[in-house]
Protein chains: 2
Amino acid sequence: MTPLPSPQQLRYLLALTEHQHFGRAAEACAVTQSTLSAGILALERQLDARLLERDAGKRVVFTALGREIAARARAALRSLEAVAEAAATARAPMSGALRLGVIPTIGPFLLPRLMPALRQSYPRLRLYLREDTTDRLVAQLNDGRLDLLLLALPCASAGADTVKLARDAFFAALPPGHGLAARDTVPAAALQTEHLLLLEDGHCLRDHALEVCGFARGEGPARDPAEPDGFAATSLHTLVQMVAGGLGVTLLPRIAVQAGIAAGTGLVLRPLAGAGGWRTLGLAWRSQSPREGEYRALVPLMAQVAGPHAA
Amino acid sequence: MTPLPSPQQLRYLLALTEHQHFGRAAEACAVTQSTLSAGILALERQLDARLLERDAGKRVVFTALGREIAARARAALRSLEAVAEAAATARAPMSGALRLGVIPTIGPFLLPRLMPALRQSYPRLRLYLREDTTDRLVAQLNDGRLDLLLLALPCASAGADTVKLARDAFFAALPPGHGLAARDTVPAAALQTEHLLLLEDGHCLRDHALEVCGFARGEGPARDPAEPDGFAATSLHTLVQMVAGGLGVTLLPRIAVQAGIAAGTGLVLRPLAGAGGWRTLGLAWRSQSPREGEYRALVPLMAQVAGPHAA
DNA sequence: CGGTTTGATCGGTTGTATCGATGACGCCCC
DNA sequence: GGGGCGTCATCGATACAACCGATCAAACCG
């Protein structure tokens with residue numbers, strides 16, 4: 001049988017894919033350029049495969065096979081890490097680094113309450129945070145750059161396990177004096193004819209809001225022709241300011257409202273009438289992660305923080 | 001971060017799980033006992049985890065953590081192999097060792113025609129064969145001890161991809177002079193009241209046959225009280241002999257019939273009336289195997305061999 | 001209670017990963 | 001167009017770790 005590639009050489013290869021430069025990749029691996037160069041050469045010799053275009057001047061250009069090998073190398077190194085991780089978790093659960101990814105429509109509202117609670121319950125847990133859109137978080141989860149995601153379900157990703165945390169109801173956010181503000185609750189369909197303001201594309205909350213208002217996938221509300229084409233807010237905070245400025249109405253998740261996102265703006269917040277006006281908050285992790293037990297053990301605490309609270 | 005365990009040490013651990021004996025595990029790894037012993041110790045030290053019960057005399061007893069680590073080590077080594085495999089496949093597709101698992105109700109009938117065809121089309125492919133029941137084959141596929149399975153679908157296994165090859169119709173096999181033998185086709189339901197002979201438990205063909213005859217899962221045909229309790233044949237060849245001996249009737253798959261399993265026995269073979277009287281033959285492999293491309297390329301040839309032929 | 005088996009330990013040897021220095025080559029700039 | 005720079009490959013020296021053979025301590029067996 002072909003001898004197995006050494007983890008070290010695979011690390012060199014991955015560093016090279018990341019930096020596209022022998023010197024900097026070597027630096028990232030804390031070895032000299034000569035060592036990394038020899039390592040890559042040895043890997044190509046052992047696999048009997050050309051991973052780099054050697055004739056393309058001095059630039060680092062991967063062959064198609066090189067890219068595939070690199071992807072498999074990433075998976076192989078991660079599964080080696082999983083061995084060590086399983087031991088570490090068994091030795092000292094709820095400790096060490098935990099790289100948590102959060103979407104921008106959850107992070108600013110839950111983390112301020114979640115982090116202290118976690119620190120108190122699991123003081124040895126070191127939480128590294130990263131905020132990004134769902135699709136990018138999922139990609140980083142699969143790459144092994146993140147361990148756990150806090151996001152809105154469902155998130156389409158093979159190879160990931162998920163668990164529900166809580167429902168997060170939507171509120172209609174209206175400018176003061178708006179016609180709908182006189183009602184106790186607002187039917188979601190009524191927003192279809194309003195000027196509905198949304199987050200920019202890529203935020204799952206945008207899709208959830210459109211869905212709740214009865215728009216089909218991809219379809220959207222009518223736009224004022226005078227408005228900048230495709231203009232959309234980049235955060236819920238900007239969105240609130242736009243509604244307060246009278247540009248239209250929007251939907252806000254309960255966690256944002258309870259965190260006081262509309263405080264001081266005079267905005268009128270009304271629950272949606274009828275059922276179905278909510279998103280599901282949840283956790284996601286790589287299937288068969290050695291730390292699955294820990295992640296599931298976090299659920300009650302997280303569900304409590306994410307659940308309804310008195311204002 | 002914790003340093004990654006070396007593949008060598010993981011191999012030692014797996015050899016130890018297999019042999020439960022330091023000396024023999026060392027021999028299997030082609031190292032001395034002292035080396036393997038030191039390697040295991042080093043692994044336990046690096047992971048800071050007790051993998052073996054050190055106080056249980058001289059016997060080798062794994063801790064629960066030890067077993068989990070071993071399972072993850074198996075996965076890690078396999079993903080390292082996948083790196084080398086990807087390179088080997090790209091360098092020389094359809095060559096090298098291919099460990100093929102086949103179920104006993106397919107192997108004896110298809111392999112005699114499949115092997116020569118494969119040898120002719122892909123002379124550099126070295127096929128290692130293993131015959132076993134579906135569940136055991138699937139387990140060995142997941143363990144990495146087999147690369148490809150030829151079996152009857154569906155086979156329940158997460159982490160495996162499958163593809164259909166061909167339908168394999170069932171024939172009623174009747175002793176000469178049997179009442180049903182006068183008909184051109186036999187309704188499957190008519191076999192419910194016959195003395196239906198079956199393979200022993202564990203063969204998927206047994207379940208398929210029961211299903212075709214209209215028995216619910218787990219339910220079975222009425223038994224002669226004089227018959228040895230739960231007696232069942234161990235191969236289709238024995239089954240044919242039993243039918244020829246007048247002990248009852250059975251169902252035979254078309255591939256067995258065409259291979260001449262009933263030749264010279266005087267058995268009467270009748271197609272089943274109506275639709276649904278067939279099983280699906282297919283291939284299965286580990287998801288994301290580097291050789292998936294090769295496996296799919298084998299499908300046309302295999303489907304042709306597995307498909308209907310003139311008698 | 002001696003002999004045998006089994007896993008742990010120790011000193012010596014070999015292999016190899018790594019380093020620093022140097023070479024080969026393309027590229028840019030003056 | 002030639003000198004200088006940047007980049008990757010190569011080379012000899014070295015330090016570390018894996019490995020072996022021998023030996024030890026404990027358990028097990030007859």
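Every chain is numbered from 1, with letters handed out A, B, ... down the list of sequences.
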Please report the interatomic distance [atom1]([X]) to [atom2]([Y]), rounded to the nearest 0.5 Å.
X: B:L36; Y: B:Q33; atom1: CG; atom2: CD; value: 8.0 Å
X: A:R74; Y: A:R145; atom1: CZ; atom2: CZ; value: 6.5 Å
X: A:L47; Y: B:E85; atom1: CG; atom2: CD; value: 12.0 Å

Does either side chain, that of A:T89 or that of A:E294, offer a donor lying less than 3.5 Å from an acceptor on the other one?
yes
Starting from [atom2] on [N], measure out to [atom1] on [X] and report it in whole angstrom.
X: B:Y12; N: C:dG7; atom1: OH; atom2: P; result: 16 Å
X: B:E27; N: C:dT6; atom1: CD; atom2: P; result: 12 Å
X: B:H19; N: C:dT5; atom1: NE2; atom2: P; result: 19 Å
X: B:L10; N: D:dA18; atom1: CG; atom2: C1'; result: 15 Å
X: A:F22; N: C:dC25; atom1: CZ; atom2: C1'; result: 14 Å

Of all of residues 29-48 of chain A, which get a heavy atom below 4.0 angstrom from DNA chain C, listed by number?
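Under 4.0 Å from DNA chain C: A:A30, A:V31, A:T32, A:S34, A:T35.
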Mind running side chain to side chain contact (heavy atoms under 4.5 Å, CB included) on B:L149 and B:V138 for me, showing each step along the way?
CA-CA 8 Å; B:L149 304 184; B:V138 166; 4.1 Å; yes
Looking only at non-hydrogen atoms, find the nearest pair between A:A70 and A:L14 and report the distance.
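Nearest pair, atom of A:A70 first, then A:L14: O-CD2, 3.3 Å.
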